[in-house]
There are 2 protein chains.
Amino acid sequence: MDLSRHIAQKFSELSSPLSDAALDKIASILVRTEVKKNTLYLKEGEVSKYIGYVYKGMLRLFYYKNKKDLTEHFACEGTNFFSIESFFRQQPTHLMIEALENSVVYGLPHDELLELAAEHYEIEVMYRTLIENSLILSQQKADTLRFESANERYRRLLREHPEIIQRAPLSHIASYLLMTPETLSRVRASLV
Amino acid sequence: MDLSRHIAQKFSELSSPLSDAALDKIASILVRTEVKKNTLYLKEGEVSKYIGYVYKGMLRLFYYKNKKDLTEHFACEGTNFFSIESFFRQQPTHLMIEALENSVVYGLPHDELLELAAEHYEIEVMYRTLIENSLILSQQKADTLRFESANERYRRLLREHPEIIQRAPLSHIASYLLMTPETLSRVRASLV
DNA sequence: CCTTGCTTTTGATACAAGTCAAGACGTATA
DNA sequence: TATACGTCTTGACTTGTATCAAAAGCAAGG
């Protein structure tokens, strides 16, 4: 299918370009899922089977801590997402994935991916590169959250991902930015 | 050399066990370096060539932000460390690595590692697994730093890595725990 | 049009941690 | 012994953000 081919290409964009054969292989294992607004793509306790690619819509990754709903990540159109610990170790997840809008996700299934990676080294390299990039991003995110004030964190999000601010509820943005909804409200008021 | 074999095994411990042939290959590319106390294993602006393994001693990874010296990680005996962004992308690093004591490091060189990984799939898997584990740790660390108070962060370090508290200067421990030396001093006083 | 229930804003207060400044302590040097 | 220097501690004050509580805004249903 042509669309799957296109999605496969998206997965490969981070590393060196893949051969047509490899792209076809990846396209052949992709699993398309429609996720309705406010429903879960991954529930707590399940094992995360896919690395997801957001073809349409928007999702958030979140978990509960002391009864509080904390958003760890927003997955926008055209980006990848996955529940790191659960996917790598194939263990039950504490991280849930929920659609903020009606969304379409293409998933790269764990077992099939590993099989392909073992057969085609370029796919293995693509997979490894994807993980490397996630690690770099994870570090960068930790660094910025560490040293910026609530105000700066909001302004950074506004600058780098205005679509999140437009499309996600403020309560989720607040927990993503590590502040209370009250503080977020005051920060926003101070910028007008 | 038998010692290198042993170190190679250490690298492989995170993934499934490696064949003797693979262990020998890894052992053959390891580079031993003695790092004297207070000297740098990796300087700002250099390209990080190695994933390091601390055979003896202790090092810290740090960088400058607004003229402040910030410790990002302590590498203790028996553990791995590397400058993530610089190593993966083979770019100049902003992260420096310094010995806190006279230390001995075994380094797995980037280019040779990638060559071996391309030849021996089990080595590639070991490398990938090492990255996966780093990513899991990076996430976990971000999570704990996020939601714990200065007091709790110190107590966690005391519980999980007492050797760091005994062997590293308090100023570095303070920046590692994301607090000022004054706050660290007060936290310590409050626990006696 | 008025409920009901959410989300967001505003206000008052509390507290953890940062800052600035001074003092104590320890170790090495003269 | 004295001096100097770095490290750590203590004190007084400030500040950003959380908390608790109430009000305002807004959408959906009767």
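Just so it is clear: chains get the letters A, B, ... in the order the sequence lines come, proteins before strands, and each one is counted from 1.
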Worksheet item: What are the residues of residues 168-182 of chain A, sorted by number, that bring a heavy atom to within less than 4.0 Å of DNA chain C?
Response: A:L170, A:S171, A:E182

Worksheet item: Quick one: salt bridge (Lys or Arg N to Asp or Glu O under 4.0 Å) partners of B:E122, sequence neighbours excluded?
Response: none

Item to complete: Anything under 4.0 Å to a heavy atom of chain A counts; send over the first and last such nucleotide of DNA chain C, read 5' to 3'.
Response: C:dT8 to C:dA12

Worksheet item: Partners of A:E34 by salt bridge (Lys or Arg N to Asp or Glu O under 4.0 Å), sequence neighbours excluded?
Response: A:R32

Donor-acceptor pairs are to be reported for all side-chain atoms of residues 168-182 of chain A against protein atoms at under 3.5 Å, with residues two or more places apart or in another chain.
unit_1, atom_1, unit_2, atom_2, d
A:H172, NE2, A:R60, NH2, 3.4
A:S175, OG, A:T71, N, 2.9
A:S175, OG, A:H172, O, 3.3
A:T180, OG1, A:T183, N, 3.2
A:T180, OG1, A:T183, OG1, 3.1

Practice prompt. Give a yes or no on whether the backbone of A:Q91 and the side-chain of A:S86 come within a donor-acceptor separation of less than 3.5 Å.
Written response: yes

Please output the side-chain donor-acceptor pairs of residues 185-192 of chain B that fall under 3.5 Å, not counting sequence neighbours, one pair per line with the distance.
unit_1, atom_1, unit_2, atom_2, d
B:R188, NH1, B:Y154, OH, 3.0
B:S190, OG, B:V187, O, 2.7

Worksheet item: What pairs with A:R155 under salt bridge (Lys or Arg N to Asp or Glu O under 4.0 Å), at least two apart in sequence or on another chain?
Response: none

Worksheet item: Rounded to the Å, how far apart are B:L184 CG and D:dT10 P?
Response: 12 Å

Fill in: Proximal nucleotide (of D:dT19, D:dA18, D:dT10) relative to the B:S185 side chain
D:dT10

Fill in: Distance in angstrom units between A:L70 CG and D:dA18 P, rounded
12 Å

Worksheet, complete the sentence: Sorted by chain and number, sequence neighbours left out, ring pair (Phe, Tyr, Trp, His ring centres under 6.0 Å) with A:Y127 holds for none

Discussion item. Taking ring pair (Phe, Tyr, Trp, His ring centres under 6.0 Å) as the definition, give me every residue that meets it alongside A:H110, ordered by chain and number, with sequence neighbours left out.
Written reply: A:F87

Practice prompt. State whether the distance check finds a donor on one side and an acceptor on the other, under 3.5 Å, for side chain A:R186 versus base D:dG16.
Written response: no

Response to the item:
Those residues at least two apart in sequence (or on a different chain) that pass ring pair (Phe, Tyr, Trp, His ring centres under 6.0 Å) with A:F147 are none

Worksheet entry | Hydrophobic cluster (4.5 angstrom, side-chain heavy atoms) - remaining members for B:L137 | none

Practice prompt. Under 4.0 Å from any atom of DNA chain D, heavy atoms only: list the residues of residues 153-161 of chain A that qualify, in numerical order.
Written response: none

